[in-house]
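A quick write-up on the structure given underneath.
In what follows, residues are counted from 1 in the order of the sequence shown. All ligand and atom numbering here is 1-based and tracks the order in the structure.
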Amino acid sequence: MDIKYKEYPFIVCLLTFIVIAVSSPAMEKKEQKSIVMSGIRPTGILHLGNYFGALKSYLRMQEEYECYFMIADLHSLTTHPDTKELRNNVLHVMSEYLACGLDPDKVALYCQSYVHETTELYTYLNTLAYKGELEKTTTFKEKARRQPDNMNAALLTYPVLMAADILLHRALYVPVGKDQEQHLEMARNFANRFNHRYENVFPEPLAFNFGEALVKVPSLDGTGKMSKSENQSATLYLSDDDDQIRKKIMKAKTDEGPKTPNAPMPDYIENIFQLMKLSGTEEVYEKYSADYNSCIIRYGDMKKQLANDMIAFIKPIREKAIAIRNNETYLKEVLENGAEKARKSADITMKLVREAVGTKYF
Ligand code: TYM
């Protein structure tokens, strides 16, 4: 092709135009961040299970996504009707969110009861949830066993309220620990039923942990998981002092050690290894694994190492949380600003919901 010099500027202009035209929709797409939602009940103070099951993902996700992280105070009423400690717990959990590094300028940090649209969506979703499936939920059966005198309706519809929290922002990703997997499956079912019965309003929300399996942090005594309000002596809290951390870890159950190389680990030993993996370095974990496999492990030394690593991890969070908890003016501001952001997103969804259902009459 014979291109004349005087045609060069024209060709450059044309190419520039093509590049801009092709790249601009892609750029727009990139700016539209996926939506993330999650929450924690203020039924006590936060522990390592909450951190490694949920908060650790929140921290990473706040850098990449549009995030809504809340304190599920309405959910807490289903099991903790006595509200004397509620205010303190809400402010404590918020202080710990902030102390761990959640940034109120990057994410919406709010309290569930401040965003009234949640309970409106809960009512709509309740019409799509069936008694049979709710009664079969593992957490309902567990709680019904534990509190037979308080089997309230909100306990039964707990997964519906949780679905409302998530769908209120049309969230796609929900960072949670392993114990919440079934609730997420139910939220997907409710979203699909709504979309089929009315209009396509909701995406299917997914339990998320950066492509890794969802986490379950075991308790220190080898029975079940760490928990806010049960089994407190076998749970490590983000507010535990150094002495408490050391004592709890040194009390963790062990035995005389394996008698044959590469022996399978009993649950309670595997738990200590799992905690070490979460809090310490790869080298330390590998060293103790090798010691175990060659039957020379000294559990006393391993627990001392684990206690030191845990103290190094928890201490800065604890100290920051205390300082933040003492600044109620700041906490009030964070809660109000967070609720405002959440309400904006909720308002858009609820307009779509009311239109889809047909409750918008003019
Ligand atoms: P809650 O308050 O029991 O726990 C909060 C988060 O911590 C995780 N978690 C654990 N992860 C690993 N190991 C453990 N031992 C452990 N203990 C707790 C939980 O999986 C959860 O991610 N129903 C929710 C609160 C909620 C919510 C929501 C969550 C209300 N609305 C909307 C997500 C989206 C609950 O009871 O979490």
Give yes if a backbone or side-chain nitrogen or oxygen of H183 is under 3.5 Å from a nitrogen or oxygen of ligand 1, and no if not.
-> no
If you scan protein heavy atoms around atom 31 (N) of ligand 1, the nearest is D165 OD2, 2.7 Å
Could you tell me whether R87 and E328 make a salt bridge, using a distance below 4.0 angstrom between a side-chain N and a carboxylate O?
-> yes
Distance-minimising heavy-atom pair for Y285 and F273 = CE1-O, 3.4 Å
Just need the protein heavy atom nearest to atom 14 (C) of ligand 1, so name the residue and atom and give the distance.
-> G49 CA, 3.5 Å
Does the ring centre of F208 sit less than 6.0 Å away from the ring centre of F210?
-> yes
Taking N or O atoms only and a 3.5 Å limit, does M226 qualify as a polar contact for ligand 1?
-> yes
Please say whether I40 places an N or O atom under 3.5 Å from an N or O atom belonging to ligand 1.
-> no
Say whether N50, considering both its backbone and side-chain N or O atoms, lies within less than 3.5 Å of an N or O atom on ligand 1.
-> yes
Decide whether an N or O pair under 3.5 Å exists between P175 and ligand 1.
-> no
Nearest heavy atom to atom 30 (C) of ligand 1, choosing from H75, H47, M37, belongs to H75
Return a yes/no value for Q180: is any of its N or O atoms, backbone included, closer than 3.5 angstrom to an N or O of ligand 1?
-> yes
Any N or O of G39 that comes nearer than 3.5 Å to an N or O of ligand 1?
-> no
Ligand 1 contact on L161 by region, counting heavy-atom pairs under 4.0 Å = neither
K178 to ligand 1: N or O pair under 3.5 Å?
-> no
4.5 Å side-chain heavy-atom contact, K341 and L109 | no
Hey, does V93 have a side-chain heavy atom less than 4.5 Å from the side chain of I45?
-> no
Using the ring of each side chain (for Trp, its six-membered ring), is Y158 parallel, tilted or perpendicular to H75, with breaks at 30° and 60°?
-> tilted
Before giving the answer on side-chain hydrogen bond (donor to acceptor under 3.5 Å, both in side chains), spell out for S345 and H169 the whole-Å C-alpha distance, their side-chain angles and the decisive distance to 0.1 Å.
-> CA-CA 6 Å; S345 148; H169 303 293; 2.6 Å; yes
Using a 4.0 Å heavy-atom cut-off, say whether T43 meets ligand 1 through its side chain, its backbone, both or neither.
-> neither
Please write down residue, atom name and distance for the protein heavy atom closest to atom 19 (C) of ligand 1.
-> D179 OD1, 3.3 Å
Check whether any N or O atom of Y158, backbone or side chain, sits under 3.5 Å from an N or O atom of ligand 1, and answer yes or no.
-> yes
Enter the distance from S233:OG to Q244:CD here, rounded to the nearest 0.5 Å.
-> 11.0 Å
Sidechain-backbone polar pair: K360 side chain, R354 backbone, donor-acceptor under 3.5 Å | no
